[in-house]
There are 2 protein chains.
Amino acid sequence: MQSFTEENYLKTIYYLANRQQGEVSTNALAEMTATKAASVTDMLRKLADKQLIHYKKYQGVRLTEEGERLALQIIRRHRLWEVFLVDKLGFRWDQVHEMAEELEHIRSEELVERLDTFLGHPQFDPHGDPIPTPAGQMPVTGYQKLSEVVVGEPVQLMGVLEHSTEFLQHLDRSNLTLGCTVVVQEVNTFDRSVLVQLVGDRTVFISYEVAKNLLVNQPAG
Amino acid sequence: MQSFTEENYLKTIYYLANRQQGEVSTNALAEMTATKAASVTDMLRKLADKQLIHYKKYQGVRLTEEGERLALQIIRRHRLWEVFLVDKLGFRWDQVHEMAEELEHIRSEELVERLDTFLGHPQFDPHGDPIPTPAGQMPVTGYQKLSEVVVGEPVQLMGVLEHSTEFLQHLDRSNLTLGCTVVVQEVNTFDRSVLVQLVGDRTVFISYEVAKNLLVNQPAG
DNA sequence: CTAAAAATTTAGACTTGTCTAAATTTTTAT
DNA sequence: ATAAAAATTTAGACAAGTCTAAATTTTTAG
Ligand SMILES: [Mn+2]
Ligand SMILES: [Mn+2]
Ligand SMILES: [Mn+2]
Ligand SMILES: [Mn+2]
């Protein structure tokens, strides 16, 4: 049984490992968890003792199989609670992350599985992130960033890489919602901003900063 | 902002104060929280510093107005989550207490109020306990114990005083569900056990140990 | 290759909530 | 009324998780 803190470290290691190559560094963890490197080192020793991470001093860290299984379980809980908060309680997608940060630590296998059933076995959370399976597998999605899409290709908005309230509210104000279809009309080489056609709606200007945080999917075909 | 531990102490003080007269003792708190008296003393000093309790050394403890408001807020959350677990997720009434012990500490005013709305503003939890108002008022119920009901009076089963899994499952096995109407047919003076007629069903034998933990209401009239 | 910079770990300390053992206060019983 | 018992508090300690400052190791640059 892990503490809240240990669970948060596991989850953070998982995220960092999946957005760089190779081992996760002490400093990266310190920044992400808003603590100091010395504190991270202490925790890494503890997680290594519990066989949840592979850890060699000065060499960075990697989850063990068991550690990854636990991390995915926590992410599953987080994302299911986010679906609950949006679908059932009517929160907006920019309001739910902090509450899910607490709810994800509620410990009961049966609670999570009943919640999953109650929600209709959703595949994605309100931000388009895939929900890991009960067995601890992360579904793979073949999404690419909107910033990499070529002119003329109709694509569907499937997810976001940035989860801050500010970013999500900015998307709302731009009428960009998950599932909507867009066509890139123009890419400015100077600042890499793009002009997109919201199918059945208006045209929207999207900065590179925003475009590189939007995930899209080619519609079938 | 209080820690989980502080919240649990406040809740426990509230419960103990409402089932005895006057001040709550250090030992009673130690037993209820499964800690030692010395630990309780330390916490009482902290809660007194925060003005959540009235505390004089050796003289027992009493909630301040603010302390009571917080205690009732926590009890409100606990009971609403229990309703959610039973009504929405389909748990049995004997399965939900432990999960609610964790869920009650999730901090978000808006979450609780949206949950309340989602559940249809329930007045009672799955054990018949009244749900405190958002403003922190505990509704009063004029229930009496089944052990005090006289022969011949039809009464309705409204709540339980004991919440253990064993007790609740025992009631299930006896076909005693909240809301059912019963008539006491016989009271054995020797052991105070009672024989009751389950209206529209069979006759059930109820020991004093069980009867004194069942709360009933006179049906209108 | 080697010295400076950067990253990481170690040492020692603090906070929260807990404990045991000892001291103190209150209650109970003769 | 007073001694014994019971309840409570104090003293000193510990584990978890954090911090700052100092020491160590690795990386980077010249
Ligand atoms: Mn989130
Ligand atoms: Mn999410
Ligand atoms: Mn309960
Ligand atoms: Mn209850």
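Just so we're on the same page: letters track the sequence lines, and every chain starts at 1.
A straight line from NZ of A:Lys50 to C1' of D:dA16 spans 10 Å, rounded to a whole angstrom. The CG atom of B:Leu29 sits 13 Å away from the C1' atom of D:dA7 (whole-angstrom rounding). Distance, A:Arg45 CZ to D:dT18 P: 14 Å, rounded to whole Å. Rounded to an integer number of Å, the gap from A:Asp49 CG to D:dA16 P is 11 Å. For A:Glu31 and C:dA7, the CD to P distance is 11 Å, given to the nearest whole Å. Atom-to-atom, CE of B:Met43 to P of D:dT8 comes out at 17 Å; the value is rounded to the nearest Å. The interatomic distance linking A:Leu44 (CG) with C:dT10 (C1') rounds to 14 Å, in whole Å. Between the CD atom of B:Glu7 and the C1' atom of C:dT16 there is a distance of 15 Å, rounded to whole Å.
Taking a pair to require two hydrogen-bonding distances under 3.5 Å in either a Watson-Crick or a G-U wobble arrangement, D:dA1 pairs with C:dT30. Pairing of C:dA23, defined by two Watson-Crick or G-U wobble distances under 3.5 Å, is identified with D:dT8.
Residue pairs meeting the salt bridge (Lys or Arg N to Asp or Glu O under 4.0 Å) criterion with at least one partner in residues 12-27 of chain A, sequence neighbours excluded, are A:Glu23-A:Arg62.
The nucleotide whose nearest atom lies closest to any side-chain atom of A:Asp42 is, among D:dC19, C:dT18, C:dT8, D:dC19. The side chain of B:Tyr9 sits closest to C:dT18 out of C:dC19, D:dC19, C:dT18. In the set D:dT9, C:dT18, D:dT18, the nucleotide with an atom closest to the side chain of B:Tyr58 is D:dT9. For B:Thr41, whose side chain is taken as the heavy atoms from C-beta onward, the closest listed nucleotide among C:dT26, D:dT9, C:dA11 is D:dT9.
Using a 4.0 Å cut-off, no side-chain N or O of B:Thr35 falls inside it from OP1 or OP2 of C:dT18. Between D:dT8 and B:Asn27, a contact under 4.0 Å exists linking OP1 or OP2 to a side-chain N or O. Contact annotation: B:Lys36 reaches the phosphate of C:dT20 (side-chain N/O to OP1 or OP2, under 4.0 Å). Listed pair B:Lys57 / D:dA7 fails the phosphate criterion, with no side-chain N or O lying under 4.0 Å from OP1 or OP2.
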Distance-only check: which donor-acceptor pairs under 3.5 Å involve side-chain atoms of residues 132-141 of chain B, not counting sequence neighbours?
from     : atom 1 : to       : atom 2 : distance (Å)
B:Thr133 : OG1    : B:Ala135 : N      : 3.4
B:Thr133 : OG1    : B:Gly136 : N      : 3.3
B:Thr133 : OG1    : B:Gln137 : N      : 3.0

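Sparse packing is recorded around CD of A:Gln51, with 12 or fewer heavy atoms of other residues, nucleotides or ligands lying under 6.0 Å away.
If you check residues 18-26 of chain A against DNA chain D, you find no residue with a heavy atom closer than 4.0 Å.
B:Tyr55 comes within contact range of the sugar-phosphate backbone alone, with a heavy-atom separation under 4.0 Å but no base atom that close. Here B:Thr5 lies in heavy-atom contact (under 4.0 Å) with sugar-phosphate atoms only.
Checking each of A:Asp125, A:Leu85, A:Leu178 against A:Trp93 for a side chain to side chain contact (heavy atoms under 4.5 Å, CB included) leaves exactly one that passes, namely A:Leu178.
Remark: A:His127 pairs with A:His163 by the ring-ring contact (aromatic ring centres under 6.0 Å, His included) rule, at least two apart or across chains. With sequence neighbours left out, B:Tyr9 forms a ring-ring contact (aromatic ring centres under 6.0 Å, His included) with no residue at all. Under the rule for a side-chain hydrogen bond (donor to acceptor under 3.5 Å, both in side chains), the partners of B:Gln73 that lie at least two apart in sequence or sit in another chain are B:Arg69.
Without hydrogens or angle criteria, B:Glu6 side chain to B:Ser3 main chain gives a donor-acceptor distance under 3.5 Å.
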